[in-house]
Amino acid sequence: MNSELSKTYEPKKVEGKIYKFWEKGGWFTPKIVPRKKPFTILLPLPNANDPLHMGHVLFAVEDIIIRYYRMRGRPTLWLPGGDHAGIETQFVFEKRLAKEGKSRFDFGRKTLYKMISEFVEKNKNINREQLKKLGFSLDWTRYHYSLEPNIVKIVFDTFRKLHRDGLIYRGERIVNFCTKCGTAFSDLEVDYVEKDEFLYYLDYTTLQIATTRPETIFADVAVAVNPTDKRYKNLIGKKAVIPLINKEVPIIADKRIDVNFGTGVLKVTPGHDTTDYEIGQTHNLETITIIDKNGRMTNLPEKYLGLTVKTAREKTINDLEKAEKLVKTEPLKHSIGICYRCKTTIEPLIMPQWFLKIGPLAKPALEAVEKERIKIIPEKRFKKMYLNWMRNVRDWNIGRQIVWGPQIPVWYCLDCNPDILINFINKKGNKINGTYKDLKDKYNFAEIKKGLQSLSASKNPVYSLEEKACQKCKGKKILQETDTFDTWFLSGQWPLTALGYQKSKDFKYFYPTSVLDTLWDILFFWVARMIMFGLYLTKEVPFKIVHIHCRVVDENGQKMSKSKGNVLDPMDMVQKYGADALRMSVIFGTTPGTDICISDNKIRGMRNFANKIWNASRFVLMNLKGFDPKIKPKLTKKDKKILRELNSFSKEITKLMDSFKFYQAAEKIYHYFWHIFCDKIIEEEKSRLQGSNKKEKEASQYLLLQILKTNLELLHPFIPFITEEIYQKLPIKNKKKCLMIENWPV
RNA sequence: GGGCAAUUAGCUCAGUGGUUAGAGCACUGCAUUCACAUUGCAGGGGUCGCAGGUUCAAAUCCUGCAUUGCCCACCA
């Protein structure tokens, strides 16, 4: 190979070529060697339809770990994947539909699924190519997409096992429903925002109540006071009257009532409020629903029928005022739940849903971290955050009323569930909805099945976990549950599914994995669920270390977002300064779990470092005239001292790598290379190199080459491209085919 | 409401009891073809949030306070 180097480092000429060289060489794919202990990381699978953003560059941490262990001789697997990302993807797709003036309601679910699927297929490869541009040494031969049939099959089996173990149940509970997205969410997917609203004091004849939601008075079934409240003690057991509809409801006592809020009296609306629902459960109260899934009023006096919640509120207030039942109105700042995705106010609605009983899964997951079978880095803050969450975790609503994702493997016999609600598009293209018993005479089964949009089974439906004729009535009019799994129900099993749970050699060899590296924002969504599923199915932890990497913010500490216009595109930065510089800039001067400010300036600084490496190497290579790698020259005392120091420096770096202090390792090597090797050693060697003493010259050449090689090895996990390119040009003994499989020094 | 964490140079952060507290970026002065100006040399800049305490010794341990960030719960 030509040892002439250009005057400045040009990443564009090097990176693509080097990546292809690595890929062709097959070095990303580990060989299964039974006696050797493997090292495994699963890439937190990016959404298959999304290009990468700055945050993804932090996967560099994983590449650093992977390259380090690979150089240490472990069979090392870094497994990439793509996630179908149920709600995220459907949301993006629906936005596109909206631009064409269409919505999800215009299609049967099969058609809609196919459209989204094609959309994802088209985009799936974009981020794969981008991950390659960043130099990530992922084993592409093991790439998996979350909707592959084998993966879905494992997920279905898990569902069945959970069901057998009594951990899956269909429950009618109050759920967080987004009327815009048209789906229920888990507690994790609700955000809270402070809003300035009003507190309305209403006259319920016997007493006064205070509420922020006057439009729900029609669904009141009681009013409640605190049993210790002297003001109302003698009213308990008597009646109050709901204004406008003049309905009598009992006055009950419940200790959940805050004496100091409003009038100290709560109107109990179990159909539309979480606390009220719980009070209703305790006191065995009826539940009335007056808001439907579209956020429209239903099941109440005709003048309010079909109104949106907002309009209904205005109208109710108006009517209350006319009826002289509105006592007063106070401004109130309070927080309300909104959809994390579309920011619509979450409507608590009573609905039958599929739930996973979490207690039995959480217990071992809690212990695993308490007893440090799984270690969280950095421990402070995140370990406690995890334990705290796991101790208080509630049952998980695993169904989503969207099409994009695997349908829950539950089949309903229509004849045994005559009250099942059906939405479908008929032959003529009209939207039809109603219960099966009302529809079955007008439409045949095939027509319903073909145009089916969604089903909604009752609280206690007759169902089977297999698609087969009904066990009860032998009927064949069977439809699968249209709710799909929460995406995290699938990705929570990723360590199992991606490695081919049970059946494959990979699973036996690579599970449990070594490290899971991610951002803290999905600690509960994903990490906690993986731990629960892993322990439930295998009794083993899915990974031994959870490493929390940094969140990228802009140079002013602001979160990057399109609306703020402060987004840096990682691919632009690769183009401008090179992948190595970009990678180094997200590692250098950072601590796990904190925010990291990324700016053009910082990346440029790291590009300068790459250039420094390039030129120092260039200098060493330019001065190798007459050098024979086979002969080891006689070194001076000073040379030996420098090499000893280099050796102990390497040991220091190894120690930092082993303890996951990559930021410190990066800073130390940076410092050594630039300020010791370049500024001192090279400067001092110039006289020997340019002098006439041949032996001194050879010793100097040997010394510089030795230091350069070791530094390239130490730097390689951080900045793989430039170090590989230079390594290829070094005239050294026992040279490997590439630097990425060289032995780590020490 | 319950909890966790942070507060060190202009900015972003290292630094868990021991000599004059460090890095990157930014800043100031000088150097112009020496491998590299994507450079070199030199330099400025910190009462380590505040108040107490423990210790021969505190940025580091303890207590209280202030401010900021985050997590969980919830607000009729």
Side-chain angles (χ1 to χ4, degrees), chain A residues 5-10 187-188 192 194-195 197 199-202 209-214 216-217 220 223-224 256-258 260-269 272-276 279 332-337 378-394 520-521 523-524 550-551 553-557 577-578 581 584-585 587-591 593-623 661 663-664 666-668 670-671 674-675 678-679 682-683 685-686 689-690 704:
Chain A
L5 301 188
S6 60
K7 205 169 169 182
T8 51
Y9 173 54
E10 293 166 82
D187 297 330
L188 280 176
Y192 289 90
E194 283 270 304
K195 274 207 177 167
E197 292 200 332
L199 185 61
Y200 303 94
Y201 288 75
L202 308 182
I209 60 103
T211 180
T212 54
R213 300 204 62 183
T216 64
I217 61 170
D220 289 355
V223 297
R256 276 165 281 212
I257 310 305
D258 180 356
N260 299 316
F261 189 91
T263 60
V265 187
L266 171 75
K267 73 184 202 56
V268 183
T269 322
H272 297 288
D273 184 277
T274 317
T275 316
D276 293 16
I279 293 172
L332 178 74
K333 192 172 232 162
H334 73 149
S335 75
I336 56 162
E379 187 169 296
K380 58 181 175 188
R381 196 168 150 215
F382 296 106
K383 184 174 176 180
K384 282 179 182 162
M385 202 166 121
Y386 173 92
L387 294 177
N388 185 40
W389 186 79
M390 203 51 102
R391 283 189 189 115
N392 299 301
V393 63
R394 299 197 295 179
W520 51 262
D521 64 345
L523 191 60
F524 305 143
C550 298
R551 184 178 68 165
V553 294
D554 75 2
E555 56 190 322
N556 303 312
Y577 296 124
M584 194 69 169
S585 72
I587 302 300
F588 199 95
T590 68
T591 326
T594 59
D595 283 356
I596 161 185
C597 295
I598 290 295
S599 59
D600 194 273
N601 251 342
K602 184 167 183 191
I603 307 169
R604 178 154 33 88
M606 293 302 144
R607 187 274 317 262
N608 294 352
F609 177 54
N611 194 58
K612 190 73 185 176
I613 296 170
W614 187 257
N615 273 292
S617 306
R618 192 167 151 241
F619 177 81
V620 173
L621 292 170
M622 276 165 81
N623 286 288
K661 299 197 168 167
Y663 55 102
Q664 285 185 10
E667 286 168 26
K668 285 212 150 71
Y670 177 102
H671 181 260
W674 200 319
H675 301 298
C678 296
D679 292 350
I682 287 185
E683 288 308 317
E685 290 306 312
K686 277 179 180 168
L689 283 174
Q690 280 141 24
L704 292 180

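Numbers restart at 1 for each chain; the letters A, B, ... are given by sequence-line order, proteins then strands. As a basis for the values below, the full set of heavy atoms in this structure was taken, side chains included, without hydrogen atoms, waters or symmetry mates. A quick note: this is a predicted structure, and the numbers were derived from the prediction, not measured.
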Would you mind classifying the nucleic acid contact of A:Ala210 as base, sugar-phosphate or nothing, using non-hydrogen atoms under 4.0 angstrom? sugar-phosphate
Measuring only the C1' atom in each nucleotide, how far is B:rC56 from B:rC61? A whole number of Å is fine. 16 Å
If you measure from the C1' atom in B:rA14 to the same atom in B:rU7, how many Å do you get, rounded? 15 Å
If you check the A:Arg394 side chain, which of B:rC25, B:rC36, B:rC74 turns out closest? B:rC74
What is the distance, to the nearest angstrom, from the CE atom on A:Met385 to the C1' atom on B:rA6? 15 Å
Rounded distance in Å - CG (A:Asn623) to P (B:rC36): 12 Å
When we call it a touch if two heavy atoms are under 4.0 Å apart, what does A:Thr275 touch: a base, just sugar-phosphate, or nothing? sugar-phosphate
So, A:Glu667 side chain and A:Gly589 main chain: donor-acceptor pair closer than 3.5 Å or not? yes
Within a strict 4.5 Å, meaning less than it, do heavy atoms of the A:Tyr9 and A:Arg607 side chains meet? no
Of the candidates B:rC71, B:rU39, B:rA76, the side chain of A:Asp273 sits closest to B:rA76
Between B:rC4 (C1') and A:Met390 (CE): distance, integer Å: 17 Å
Touch check for A:Lys384, heavy atoms < 4.0 angstrom, all strands: base, sugar-phosphate only, or nothing? sugar-phosphate
Between A:Ser599 and A:Arg381, whichever has its closest RNA chain B nucleotide further toward 5' is A:Arg381
Expressed as a whole number of Å, how far does the C1' atom of B:rU16 sit from that of B:rA21? 14 Å
Check for a donor-acceptor pair, side chain of A:Lys602 on one end and backbone N or O of A:Ser585 on the other, with a separation under 3.5 Å. yes
Less than 4.5 Å apart, any side-chain heavy atom of A:Leu188 and any of A:Trp389? yes
Pairwise P distance, B:rG18 and B:rC65 [rounded to whole Å]: 28 Å
Could you give the distance separating B:rA59 and B:rA6 at their C1' atoms, to the nearest angstrom? 14 Å
Identify whether any heavy atom of A:Phe261 sits under 4.0 Å from a base atom; if not, whether one sits that close to sugar-phosphate; answer base, sugar-phosphate or nothing. base
So does A:Lys612 reach the base of B:rC36 with its side chain, donor to acceptor, closer than 3.5 Å? yes
Rounded to whole Å, the CZ-C1' distance (A:Phe619 to B:rG40) equals 14 Å
Mind checking A:His272 for me? I need base, sugar-phosphate or nothing, with any heavy atom below 4.0 Å counting as a touch. nothing
When the distance from CG of A:Leu523 to C1' of B:rC70 is rounded to whole Å, what number comes out? 12 Å
Rounded off to whole Å, could you give me the CZ-to-C1' distance for the A:Phe609 and B:rG40 pair? 17 Å
Between A:Phe261 and A:Leu332, is any pair of side-chain heavy atoms under 4.5 Å apart? yes
Given A:Ile279 and A:Asp273, is the side-chain contact (heavy atoms from CB on, under 4.5 Å) satisfied, shown in steps? CA-CA 10 Å; A:Ile279 293 172; A:Asp273 184 277; over 6 Å; no
Would you mind telling me which of B:rC70, B:rG2, B:rA26 lies closest to the side-chain atoms of A:Trp520? B:rC70
Would you classify A:Asn601 as touching base, sugar-phosphate or nothing, given that sugar-phosphate means primed atoms plus P, OP1 and OP2, and contacts are heavy atoms under 4.0 Å? sugar-phosphate
Take atom P in B:rU19 and the same atom in B:rG1, then report the distance between them in whole Å. 44 Å
Set out, in order, the CA-CA distance, both residues' side-chain angles and the distance that settles side-chain contact (heavy atoms from CB on, under 4.5 Å) for A:Asn623 and A:Leu704, then state yes or no. CA-CA 10 Å; A:Asn623 286 288; A:Leu704 292 180; over 6 Å; no
Think A:Trp674 has a side-chain N or O under 4.0 angstrom from the OP1 or OP2 of B:rA23? no
So, applying side chain to side chain contact (heavy atoms under 4.5 Å, CB included) with A:Asp276, which one of A:Asp220, A:Thr269, A:Thr216 is it? A:Thr269
Closest of B:rA76, B:rC71, B:rC74 to the A:Thr212 side chain is B:rA76
Quick one: is B:rG24 close enough that its OP1 or OP2 comes under 4.0 Å of any side-chain N or O from A:Lys602? no
Quick one: A:Met622 CE to B:rC34 C1', roughly how many Å, whole number? 10 Å
Contact class for A:Phe382 vs. all strands (heavy atom < 4.0 Å): base, sugar-phosphate, or nothing? nothing
Does A:Arg607 reach a base, just sugar-phosphate, or nothing at all? Heavy atoms under 4.0 Å. base
With RNA chain B as reference, determine whether A:Arg604 or A:Asn611 sits nearer its 5' end, using the nearest nucleotide of each. A:Arg604
Choose from B:rC71, B:rC74, B:rG24 the nucleotide whose nearest atom is closest to any side-chain atom of A:His675. B:rG24
Applying a 4.0 Å non-hydrogen cut-off, can you work out what A:Tyr9 is touching in the nucleic acid: base, sugar-phosphate, or nothing? nothing
4.5 Å side-chain heavy-atom contact, A:Leu689 and A:Phe619: yes
Main chain of A:Lys7, side chain of A:Asn615: is a donor-acceptor contact present, judged purely on distance under 3.5 Å? yes
Evaluate the ring planes of A:Phe609 and A:Trp674, with Trp represented by its six-membered ring, and classify them as parallel (under 30°), tilted (30 to 60°) or perpendicular (over 60°). parallel
OP1, OP2 of B:rA23 versus side-chain N and O of A:His671: anything below 4.0 Å? no
At under 4.0 Å between heavy atoms, what does A:Asp679 touch on the DNA or RNA strands: base, sugar-phosphate, or nothing? sugar-phosphate
Nucleotide-level pairing of RNA chain B, given in dot-bracket where Watson-Crick and G-U pairs need both distances under 3.5 Å and | marks other strands: ((((((((.[[[[.)..(...]]]].(((((.......))))).....[[[[[..)....]]]]])))))))....
Gap in Å between the two C1' atoms, one belonging to B:rG49 and one to B:rU8, rounded: 10 Å
Taking the side chain from A:Trp614 and the backbone from A:Ser6, do they hold a donor-acceptor pair closer than 3.5 Å? yes
Reported NZ-to-NZ distance for the pair A:Lys195 and A:Lys333, which is rounded to 0.5 angstrom: 13.0 Å
Contact class for A:Lys686 (heavy atom, under 4.0 Å): base, sugar-phosphate, or nothing? base
Say you pick atom P in B:rA5 and the same atom in B:rG15; how far apart are they, in whole Å? 16 Å
Against the side chain of A:Asn615, the closest entry in B:rA76, B:rA35, B:rC72 is B:rA35
Base of B:rA35 paired with side chain of A:Glu683 (donor-acceptor, under 3.5 Å): yes
What's touching nucleotides 13-17 of chain B from the protein side, N or O pairs under 3.5 Å?
| from | atom 1 | to | atom 2 | distance (Å) |
| --- | --- | --- | --- | --- |
| B:rC13 | OP1 | A:Asp595 | O | 3.1 |
| B:rC13 | O3' | A:Thr591 | OG1 | 3.0 |
| B:rC13 | O2' | A:Gly589 | O | 3.4 |
| B:rA14 | OP1 | A:Thr591 | OG1 | 2.4 |
| B:rA14 | O5' | A:Thr591 | OG1 | 2.7 |

Calculate the interatomic distance between A:Tyr192 atom OH and B:rG2 atom P; express it in whole Å. 18 Å
Base, sugar-phosphate alone, or nothing: which one does A:Leu199 contact when heavy atoms must sit under 4.0 Å apart? sugar-phosphate
